[in-house]
Asker: 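After the structure tokens below, expect a handful of questions from me.
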Number of protein chains: 2
Amino acid sequence: MKLSNGVEWALHSCVTLSQSREPVQATRLAELHGIPRAYLAKHLQALSRAGIVHATAGQVGGYALTRPAASVTMLEVVQAIDGIEPAYRCTEIRQRGPLAVPAEQCERPCAIARAMAAAQEAWYRALTAVSIADLAAAIDIDSDGTAMADVRRWLAESRRSLPG
Amino acid sequence: MKLSNGVEWALHSCVTLSQSREPVQATRLAELHGIPRAYLAKHLQALSRAGIVHATAGQVGGYALTRPAASVTMLEVVQAIDGIEPAYRCTEIRQRGPLAVPAEQCERPCAIARAMAAAQEAWYRALTAVSIADLAAAIDIDSDGTAMADVRRWLAESRRSLPG
DNA sequence: GGTTCCCGGATATTTCTTGTCCGCGTTGTG
DNA sequence: CACAACGCGGACAAGAAATATCCGGGAACC
Ligand code: SF4
Ligand code: SF4
């Protein structure tokens, strides 16, 4: 079981966006995190398609959160990047081989699939309980209240200096 | 997030093995489920390395559970096949870029990594709660008490007829 | 001793992730 | 209103990982 590392970038980007009311360009977000610009843009597009962020084009364009950070859950971001398909994909092997179960008995998933679905559900619940705002607040506390202020300052500064 | 489909084969194989006190060859397990024999053998080797099943060589060899089915949890099987590394791998991007956090502040994982770890823990807990014996019992109930008996009959029969 | 079967690694094939590119639409400006 | 600049969006290659397969030992049984 593996999670795309783009999830980490997307979560960090959302936390950063929650600190700015103006749109932030993909170039800035990539530079801030030291990651390839073009690839981050691809993931941001996925967030855009999921309705989590809104992209504005043009000279002063960029990305911004569409909803308040407190209403965006981690699960939404994870699913936007990694897809909504569950980790366990049942290939219905019980319908194959010499003891094949007839299809009419396979209407509802079997015990194995049910247990896996329950585990997935527990995973979803844990991620739903945490919002982007929670993350921003927790990161701020971890850094003694300087992290988010630094981000806001850097965003304001880069908007002036870098395009020059 | 994706789970190797070998997990499904391994779980089915364990349930099957729980119905037989004699060792069952990899060839039989593969035939019963209609899956490639060689690849299933590779996964069974992983189960063997994890101590879940014991392989006996020789003419009447095969695989058998080392412990009672009630004491083997789904999580053990999943981790034996899919590995124990967590789904979310933190690449410490906060230590990169213009706002890099110094390493001495990164001793404990940040809020994002903590939330992901909590979700993973919930997933583990759900899988630990279900044993192979539970699965066998549930599958038996789903089939009105015929599935496991059919498996036992097929195993006994194939041991006579097929090698001939 | 012959046979059967499991173990382990080496290897080919396919799929997915990662990474990069340029066209199109949008925005601000003259 | 036409122009030019800018960034988003999806299409396109390279790399990694999973999937699937094969064969040479070694062990147990007959
Ligand atoms: S639903 Fe259950 S029995 Fe059917 S293939 Fe999936 S795990 Fe196997
Ligand atoms: S520990 Fe937190 S801040 Fe550091 S890279 Fe992981 S998610 Fe980002």
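The sequence lines fix the lettering, A, B, ..., with proteins before strands; numbering per chain opens at 1. Please read all numbers here as calculations on a predicted model, not as lab measurements.
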Asker: Find out if a path of hydrophobic residues (ILVMFWY) with successive side-chain heavy-atom gaps under 4.5 Å connects B:Y39 to B:V53.
Answerer: yes

Asker: Does anything in residues 15-22 of chain B reach DNA chain C, meaning a heavy atom under 4.0 Å, and if so which residues?
Answerer: none

Asker: Below 4.5 Å, heavy atoms only, C-beta onward: do B:L11 and B:E8 meet side chain to side chain?
Answerer: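 B:L11 does not reach B:E8 side chain to side chain.
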
Asker: Would you say A:T56's side chain and A:G61's backbone share a donor-acceptor pair under 3.5 angstrom?
Answerer: no

Asker: Provide, to the nearest angstrom, the distance between the CG atom belonging to A:L44 and the P atom belonging to D:dC8.
Answerer: 8 Å

Asker: Tell me what B:S48 touches on the nucleic acid: a base, only sugar-phosphate, or nothing, going by heavy atoms under 4.0 Å.
Answerer: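 Counting heavy atoms under 4.0 Å across all strands, the contact made by B:S48 is with sugar-phosphate only.
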
Asker: Please tabulate, for side-chain N and O atoms in residues 121-134 of chain B, each donor-acceptor pair with protein atoms closer than 3.5 Å (sequence neighbours left out).
Answerer:
{"unit_1": "B:Y124", "atom_1": "OH", "unit_2": "B:Q120", "atom_2": "NE2", "d": "3.1"}
{"unit_1": "B:T128", "atom_1": "OG1", "unit_2": "B:Y124", "atom_2": "O", "d": "2.7"}
{"unit_1": "B:S131", "atom_1": "OG", "unit_2": "B:A133", "atom_2": "N", "d": "3.4"}
{"unit_1": "B:S131", "atom_1": "OG", "unit_2": "B:D134", "atom_2": "N", "d": "3.2"}
{"unit_1": "B:S131", "atom_1": "OG", "unit_2": "B:D134", "atom_2": "OD2", "d": "3.1"}
{"unit_1": "B:D134", "atom_1": "OD2", "unit_2": "B:S131", "atom_2": "N", "d": "3.0"}

Asker: Under the side-chain contact (heavy atoms from CB on, under 4.5 Å) rule, collect the residues that match up with A:A136, sequence neighbours excluded.
Answerer: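 side-chain contact (heavy atoms from CB on, under 4.5 Å) list for A:A136, sorted by chain: A:V15, A:S18, A:Q19, A:M148.
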
Asker: Listed by chain and number, what are the side-chain contact (heavy atoms from CB on, under 4.5 Å) partners of B:P68, not counting sequence neighbours?
Answerer: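 B:P68: side-chain contact (heavy atoms from CB on, under 4.5 Å) contacts with B:S71.
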
Asker: Select base, sugar-phosphate, or nothing to describe what A:A26 touches, counting heavy atoms under 4.0 Å on all strands.
Answerer: sugar-phosphate

Asker: What about A:Q45: does its side chain form a donor-acceptor pair under 3.5 Å with the base of D:dG9?
Answerer: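 A donor-acceptor contact between them is present.
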
Asker: Any chance you could list the contact pattern along nucleotides 17-25 of chain D? Use B for base contacts, S for sugar-phosphate-only contacts and - for none, protein heavy atoms under 4.0 Å, 5' to 3'.
Answerer: --BBB----

Asker: For DNA chain D, what residues of residues 49-60 of chain B have any heavy atom nearer than 4.0 Å?
Answerer: B:A57, B:G58, B:Q59, B:V60

Asker: Once rounded to the nearest 0.5 Å, what's the spacing between atom CZ of B:R28 and atom OG of B:S13?
Answerer: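 Interatomic distance, B:R28 CZ to B:S13 OG, rounded to 0.5 Å: 14.0 Å.
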
Asker: SG of A:C90 to CE of A:M116: how many Å apart, nearest 0.5 Å?
Answerer: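 So the gap between those two atoms works out to 10.5 Å.
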
Asker: Please name the pair of heavy atoms, one in A:L40 and one in A:A26, separated by the smallest distance, quoted to 0.1 Å.
Answerer: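 Closest approach of A:L40 to A:A26: CD2-O, 4.1 Å.
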
Asker: Hey, does the side chain of B:S20 reach the backbone of B:T16 with a donor-acceptor pair shorter than 3.5 angstrom?
Answerer: no

